[in-house]
Amino acid sequence: MNRPGPATLIRRGVAAEWTRTTGRSFLWTVAVPLTFVLPLVVTFGIAAVAERLATLPGQSYVATVSTTNSVYWVITLSVSVMMVTTAYAHATQWRGQTSDLNAFLFPRSWTVALARWIFYGTITAISTVVLLVVVMVSLPHLFPQIYGAVDITDAAGIRFLWTVPCYAFAACGVGVAVGSLIRTPSAAVAVLLFWVYVAEISINLLPHGSALQAYAPFLNAVAATGQEVAFLPRFGRNGSLLYFILVAVTLFVTTAALPILIRRMSGYRRTTLTKSGT
């Protein structure tokens, strides 16, 4: 009987993840709603307050917002929610009877990791596209005083529509990698949040920290989307996005695939030595 190939196992892994999360799972009842609600509430809340202040009597100057600064909370919050959800889901597979079932159903465990990356990455990419459209179309109509210049069809808007989903998809790969390395779900989530919101931002406080911060993957990725930030992408916009994707792939291969290959090589070597000894 022929063993199924990697492509078949990856398809099975995606289907298994869909089946596992169907219904009232954490993904659909908490993670995906938060992915939408959190950035929308923050974005429109800030916009409503800014618009109200702009219409007060006596305002001689109103600072307007351009397209490049309209979707910051979508980029930061929605991607982070789904990235930590991915890490949590992948780290959970190593606990209890779930690990035994995964080992039985998917003898090539790297295919499960890749399937989970594809599954969560696709959901995250689609969610961010929907959010980008909603935000960039709604803001200039609902809050014309401040956000009247926001235009989904200008160069910045079009760039957001492809760079943010790419960043979101790659970020889920980082989540899988951290979930493979740190097999305690809560710890994996904590490490990711610390990395994104503390380590990369505060690293410039260290000696030569600015030089190190220039290579911070998430800061480079956010800047690469076209969002206005006080950070210059180290490799240019397109180059920094590619840099983040390469970091995600490298982490994935290192944590999810390489240990399996090393174990197999060690097993093959032990088998060879045993045969030569006999």
Between the side chain of S70 and the main-chain N/O of T67, is any donor-acceptor distance below 3.5 Å? yes

Look at atom CZ of F143 and say whether more than 12 heavy atoms of other residues, nucleotides or ligands are closer to it than 6.0 Å. yes

Atom of T250, atom of T254 and distance for their closest heavy-atom approach: O-OG1, 2.6 Å

Closest heavy-atom pair, R183 versus S180, reported as atoms and distance to 0.1 Å, is NE-O, 3.2 Å

For the residue pair W18 and W28, categorise the inter-ring angle as parallel (less than 30°), tilted (30 to 60°) or perpendicular (more than 60°). perpendicular

Using the rule that two of Ile, Leu, Val, Met, Phe, Trp, Tyr join whenever any of their side-chain heavy atoms come within less than 4.5 Å, decide whether Y120 and V130 are in one cluster. yes

Mind listing the closest non-hydrogen atom pair of N220 and A214 along with its distance? ND2-O, 2.8 Å

So L193 and V84, do their side chains get closer than 4.5 Å, heavy atoms only? yes

Looking only at the side chains, is there a donor atom on one of Y167 and T128 sitting less than 3.5 Å from an acceptor on the other? no

Applying side-chain contact (heavy atoms from CB on, under 4.5 Å), run through Q227 and T76 and close with a yes or a no. CA-CA 10 Å; Q227 168 65 38; T76 55; over 6 Å; no

Looking at side-chain heavy atoms only, is the closest gap between D151 and M136 below 4.5 Å? no

Beyond-backbone contact of L27 with F119, side-chain heavy atoms, under 4.5 angstrom: yes

Can you find a pair of side-chain heavy atoms, one from P217 and one from E200, that are under 4.5 Å apart? yes

Distance, nearest 0.5 Å, that separates CD1 of I75 from CG of L131: 11.0 Å

Would a hydrophobic clustering, with Ile, Leu, Val, Met, Phe, Trp and Tyr connected at side-chain separations under 4.5 Å, put V133 with V135? yes

Side chain to side chain, W73 and L40, heavy atoms closer than 4.5 Å: no

Counting only heavy atoms not in L232 (residues, nucleotides, ligands), do more than 12 fall under 6.0 Å from its CG? no

Are I182 and V253 connected in a single hydrophobic cluster, I mean Ile/Leu/Val/Met/Phe/Trp/Tyr linked by side-chain heavy atoms less than 4.5 Å apart? yes

More than 12 foreign heavy atoms under 6.0 Å from CZ of R52: is that the case here? no

What's the separation between atom CD1 in I123 and atom CD1 in I118, rounded to the nearest 0.5 Å? 12.0 Å

Answer yes or no: are there more than 12 heavy-atom neighbours, outside Y88 itself, under 6.0 Å from its atom OH? no

Between I201 and Q213, which heavy-atom pair has the shortest distance, and what is it? O-NE2, 3.4 Å

For the hydrophobic clusters of this structure (ILVMFWY residues joined by side-chain heavy atoms under 4.5 Å, transitively), does one cluster hold both Y197 and L192? yes

Contact check, side chains of F169 and T124, non-hydrogen atoms, under 4.5 Å: no

Grouping I, L, V, M, F, W and Y whenever their side-chain heavy atoms are under 4.5 Å apart, do F231 and F218 come out in a common cluster? yes

Nearest heavy-atom contact between G226 and R159 is N-NE, 4.1 Å

For the pair L142 and Y147, evaluate side-chain contact (heavy atoms from CB on, under 4.5 Å) and give the outcome as yes or no after the intermediate values. CA-CA 8 Å; L142 297 176; Y147 293 89; over 6 Å; no

Okay, side chain of S240, backbone of F235: is any donor-acceptor separation there less than 3.5 Å? yes

Check the angle between the aromatic planes of W117 and F252 and answer parallel, tilted or perpendicular using the 30° and 60° thresholds. tilted

Quick check: do R116 and V112 have side-chain heavy atoms less than 4.5 Å from each other? yes

Applying side-chain contact (heavy atoms from CB on, under 4.5 Å) to V74 and L132, what does each step give before you reach the verdict? CA-CA 7 Å; V74 174; L132 290 169; 4.2 Å; yes

Within this structure, what is the CD1-OG distance for the pair I203 and S210, rounded to the nearest 0.5 Å? 9.5 Å

Rounded to the nearest 0.5 Å, what separates atom OG1 in T92 from atom CZ in R20? 7.0 Å

Measure across A170 and A248 and return the closest heavy-atom pair with its distance rounded to 0.1 Å. O-CB, 3.4 Å

Can you find a pair of side-chain heavy atoms, one from Y72 and one from E228, that are under 4.5 Å apart? no

Among V222, V174, T225, find the residue that satisfies the side chain to side chain contact (heavy atoms under 4.5 Å, CB included) test when tested with F244. V174

